[in-house]
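Everything on this sheet refers to the single structure shown next.
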Amino acid sequence: MLSHIRVIDFTRLLPGPYATLRLADLGAKVMKIEEPSGDPARYAGSDTAQPSAGPVFLANNRNKRSIVLDLKTQEGRDKARALASTADVVIESFRPGVADSLGIGYETLRQVRADIVYCSLTGYGQSGPLSQLGGHDLNYMARSGLLSQLTDSEGQPVIPSMQFADFIGGIAASEAILAALVTRDRTGRGAYLDISMTHALMGLLTNHALLHGKGQEDGLRVLTGQVVCYRLYRTKDGRSISVAALEPKFWKAFCTYFHREDWIPLQMSPAKDGNAVFEELQSLFASREFVEWVDICDALDGCIAPVFHVAEALSSDLANRHKAVFTLDSADWGPLVQVHTHAGGFAGEGPPQNPPPKLGDWQRTNRAEPSRP
């Protein structure tokens with residue numbers, strides 16, 4: 001769908017590369033601009049046997065080409081501007097003002113490509129008292145209010161193993177880029193996009209914001225595990241099953257399946273010790289092992305689902321049916337398990353899949369600079 005779009009990507013680490021991965025998965029031609037030492041993600045978490053095989057790099061840079069430029073030199077800046085003149089989209093993730101100082105800011109690049117779509121992706125945006133502060137995913141989650149909603153049994157915030165700000169910031173950037181490209185096709189005008197990862201997370205708080213105005217701090221209480229029909233329950237072998245039977249028909253189907261029609265009027269009763277129906281539900285789930293519950297979840301249309309580990313989810317029938325997971329063969333790094341960012345979005349096979357690029361791979365195989373589309 002985006003095979004006619006060329007993207008110049010000055011980002012590194014995770015948020016920007018994930019944004020351009022989403023565009024590459026839609027067919028865009030992404031030219032990854034790297035400093036002479038390469039994207040730091042190439043090395044973070046890699047072992048000594050494969051020093052440039054960082055998992056974050058390998059997971060988020062397929063279907064891209066690598067160009068090495070030293071933007072601290074005049075030659076590097078000149079080549080960057082020449083590349084921008086051939087591009088539809090430029091994305092960068094420097095601190096505010098750095099792109100301008102390197103000669104690749106929006107006002108400079110729009111002189112070489114008037115209809116350029118230019119995206120700046122940062123933690124706190126291009127202006128304001130926090131704009132010059134460094135930060136990482138955990139900091140953006142903390143300031144957005146999202147982290148306060150991810151708590152342990154004592155109500156204390158926990159560090160999730162998912163980088164929500166980085167990924168959601170990348171989604172926000174790719175979505176805004178696509179909208180700007182649609183507008184450009186209609187008007188002929190480019191755009192400058194200022195994407196803040198913290199603000200992208202705040203955009204998830206629609207329910208919380210409204211309820212906060214009514215004096216309720218933590219969102220919809222019915223969705224926080226406080227009632228028996230919306231809760232995680234432990235199995236005999238210590239795994240978890242999710243029950244989200246909010247609609248009466250689903251709760252009725254659940255209760256009828258287990259011949260406990262007496263539970264039907266108690267759908268919204270509190271999930272507290274001392275409540276008989278809650279204690280009976282806990283005993284029910286603890287009476288069977290996880291694998292037995294998986295079969296029940298698949299058979300019962302009652303909004304009940306197993307809490308899969310990542311490996312189980314990636315190998316599930318659902319993932320296979322939607323072609324969400326695939327393996328790339330790479331001569332440099334061996335087989336790489338990948339997740340498609342738009343699983344199920346193609347009627348056919350989608351764009352061809354290529355492994356992440358070696359540092360400077362485009363320059364080694366091409367002598368001329370890319371021509372303007």
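Formation of a donor-acceptor pair under 3.5 Å by the Ser131 side chain with backbone atoms of Gly128 is found in this model. A donor-acceptor pair under 3.5 Å is absent between the side-chain atoms of Asp218 and the main chain of Gln149, judged by distance alone. Side chain of Ser242 to main chain of Ala305: a donor-acceptor pair is present (N/O by atom type, distance under 3.5 Å, no hydrogens or angles). Looking only at distances, no side-chain donor or acceptor of Asn354 sits under 3.5 Å from a matching main-chain atom of Asn63. Panel note: side chain Asp25, backbone Thr341; a donor-acceptor pair is recorded below 3.5 Å. Using modelled atom types, one side-chain atom of Asp361 and one backbone atom of Ser66 make a donor-acceptor pair closer than 3.5 Å. Listed for the Arg189 side chain is no donor-acceptor partner under 3.5 Å among the backbone atoms of Arg184. Of the possible donor and acceptor atoms, one in the side chain of Ser283 sits under 3.5 Å from a partner among the backbone N and O of Glu279. Between the side chain of Glu289 and the backbone N or O of Thr235, no donor-acceptor pair lies under 3.5 Å. Looking at Thr198, its side chain does come within 3.5 Å of a backbone N or O of Gly123 through a donor-acceptor pair.
Residue Val182 is found outside any hydrophobic cluster, as its side-chain heavy atoms come under 4.5 Å of no other Ile, Leu, Val, Met, Phe, Trp or Tyr. Side-chain contacts under 4.5 Å among hydrophobic residues (ILVMFWY), followed directly or transitively, place Tyr233 together with Val228, Ile241, Val243, Trp251, Phe254, Tyr257, Phe258, Trp263, Leu266, Val277, Phe278, Leu281, Leu284, Phe285, Phe290, Trp293, Val294, Ile296, Leu300, Ile304, Phe308.
Annotation: side chain of Lys323 is not in contact with side chain of His340 (no heavy-atom distance under 4.5 Å). In this structure, the side chains of Leu23 and Ile5 stay at 4.5 Å or more apart for every pair of heavy atoms. Considering only heavy atoms from C-beta on, Pro157 stays 4.5 Å or farther from Met141 through its side chain. At least one side-chain heavy atom of Pro357 sits less than 4.5 Å from a side-chain heavy atom of Phe57. In this structure, the side chains of Phe94 and Ser101 stay at 4.5 Å or more apart for every pair of heavy atoms. When side chains are defined from C-beta on, Pro356 counts as touching Leu336, because their heavy atoms get closer than 4.5 Å. The shortest side-chain heavy-atom distance between Leu71 and Phe10 falls under the 4.5 Å cut-off. Within the 4.5 Å cutoff, side-chain heavy atoms of Gln267 are placed close to those of Pro248.
Heavy atoms only, all atoms of each residue included: Pro40 and Arg12 are closest at CG-NH1, 3.4 Å. The two atoms that bring Leu201 and Ala165 nearest to each other are CD1-CB, 3.6 Å, heavy atoms only. Annotation for Ile91 and Ala19: closest pair CD1-CB, 4.1 Å, computed over non-hydrogen atoms. Across Pro96 and Gly125, no two heavy atoms sit closer than the pair CG-O, 3.6 Å. Contact between Tyr43 and Leu359 at its shortest, heavy atoms only, is OH-CD2, 4.5 Å. Taking every heavy atom of both residues into account, Leu109 and Gly103 meet most closely at CD2-O, 4.3 Å.
Salt bridge absent: Lys236 and Glu292 never bring a charged side-chain N and a carboxylate O closer than 4.0 Å. Using a 4.0 Å cut-off between charged nitrogen and carboxylate oxygen, Asp78 and Arg81 count as a salt-bridge pair. A salt bridge does not link Lys64 with Glu34: none of the charged nitrogens is closer than 4.0 Å to a carboxylate oxygen.
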message: Show, in sequence, the C-alpha distance, side-chain angles and deciding distance for Met162 and Asp137, and conclude whether the side chain to side chain contact (heavy atoms under 4.5 Å, CB included) test is met.
response: CA-CA 9 Å; Met162 280 291 298; Asp137 180 89; over 6 Å; no
task: Please test Ile67 against Gln363 for side chain to side chain contact (heavy atoms under 4.5 Å, CB included), starting from the C-alpha separation and ending with a verdict.
output: CA-CA 6 Å; Ile67 297 179; Gln363 287 147 312; 3.5 Å; yes
- prompt: So Arg62 and Gln338, side chain to side chain contact (heavy atoms under 4.5 Å, CB included) or not? Walk me through it.
  reply: CA-CA 9 Å; Arg62 65 176 177 269; Gln338 305 277 289; 2.9 Å; yes
Chi angles and distances behind the side chain to side chain contact (heavy atoms under 4.5 Å, CB included) call for Met202, Ser144: CA-CA 5 Å; Met202 286 182 180; Ser144 72; 4.1 Å; yes
task: Run the numbers on Tyr18 and Ser174 for side-chain hydrogen bond (donor to acceptor under 3.5 Å, both in side chains), then give the verdict.
output: CA-CA 9 Å; Tyr18 182 68; Ser174 63; over 6 Å; no
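Within a 6.0 Å sphere centred on CG of Asp317, heavy atoms belonging to other residues, nucleotides or ligands number 12 at most. With a 6.0 Å radius and a threshold of 12 heavy atoms from other residues, nucleotides or ligands, Arg364 has its CZ atom above the threshold.
Just one residue in the list Val30, Asn60, Asn61 forms a side chain to side chain contact (heavy atoms under 4.5 Å, CB included) with Leu21, and that residue is Asn60.
Defined by atom type and a distance below 3.5 Å, a donor-acceptor pair is missing between the side-chain atoms of Thr73 and Glu75.
Taking CE from Met31 and CG from Leu83, the interatomic distance works out to 6.5 Å, rounded to the nearest 0.5 Å. In this structure, Arg22 CZ and Phe167 CZ are separated by 11.0 Å, a value rounded to the nearest 0.5 Å. If you take CD on Gln226 and CE on Met268, they are separated by 12.0 Å, rounding to the nearest 0.5 Å. Rounding to the nearest 0.5 angstrom, the gap separating the CG atom in Asp185 from the CG atom in Asp115 is 9.5 Å. One finds the CG atom of Leu121 at 10.5 Å from the CG atom of Leu193 (value rounded to the nearest 0.5 Å). Note that CG of Asp9 and CZ of Arg65 are 14.5 Å apart. Values are rounded to the nearest 0.5 Å.
Applying the salt bridge (Lys or Arg N to Asp or Glu O under 4.0 Å) criterion to Glu280, with sequence neighbours excluded, gives Arg260. With sequence neighbours excluded, no residue forms a salt bridge (Lys or Arg N to Asp or Glu O under 4.0 Å) with Lys29. Not counting sequence neighbours, Ser127 has no partner by the side chain to side chain contact (heavy atoms under 4.5 Å, CB included) test.
Note on Leu246 and Leu220: same hydrophobic cluster, where clusters join Ile, Leu, Val, Met, Phe, Trp and Tyr whose side-chain heavy atoms are under 4.5 Å apart, directly or indirectly. By the rule that hydrophobic residues join a cluster once side-chain heavy atoms approach within less than 4.5 Å of another member, Leu318 and Val325 end up as members of separate clusters. By the criterion of side-chain heavy atoms lying less than 4.5 angstrom apart, applied directly or through intervening Ile, Leu, Val, Met, Phe, Trp or Tyr residues, Tyr192 is grouped together with Val90 in one hydrophobic cluster. No continuous path of ILVMFWY side-chain contacts below 4.5 Å connects Leu232 to Leu223, so the two sit in separate hydrophobic clusters. Linking Ile, Leu, Val, Met, Phe, Trp and Tyr residues whenever their side-chain heavy atoms come within less than 4.5 Å leaves Trp333 and Val56 in two separate clusters.
Within the structure, every pair that satisfies the ring pair (Phe, Tyr, Trp, His ring centres under 6.0 Å) test and touches residues 126-161, not counting sequence neighbours, is listed here: Tyr124-Tyr140.
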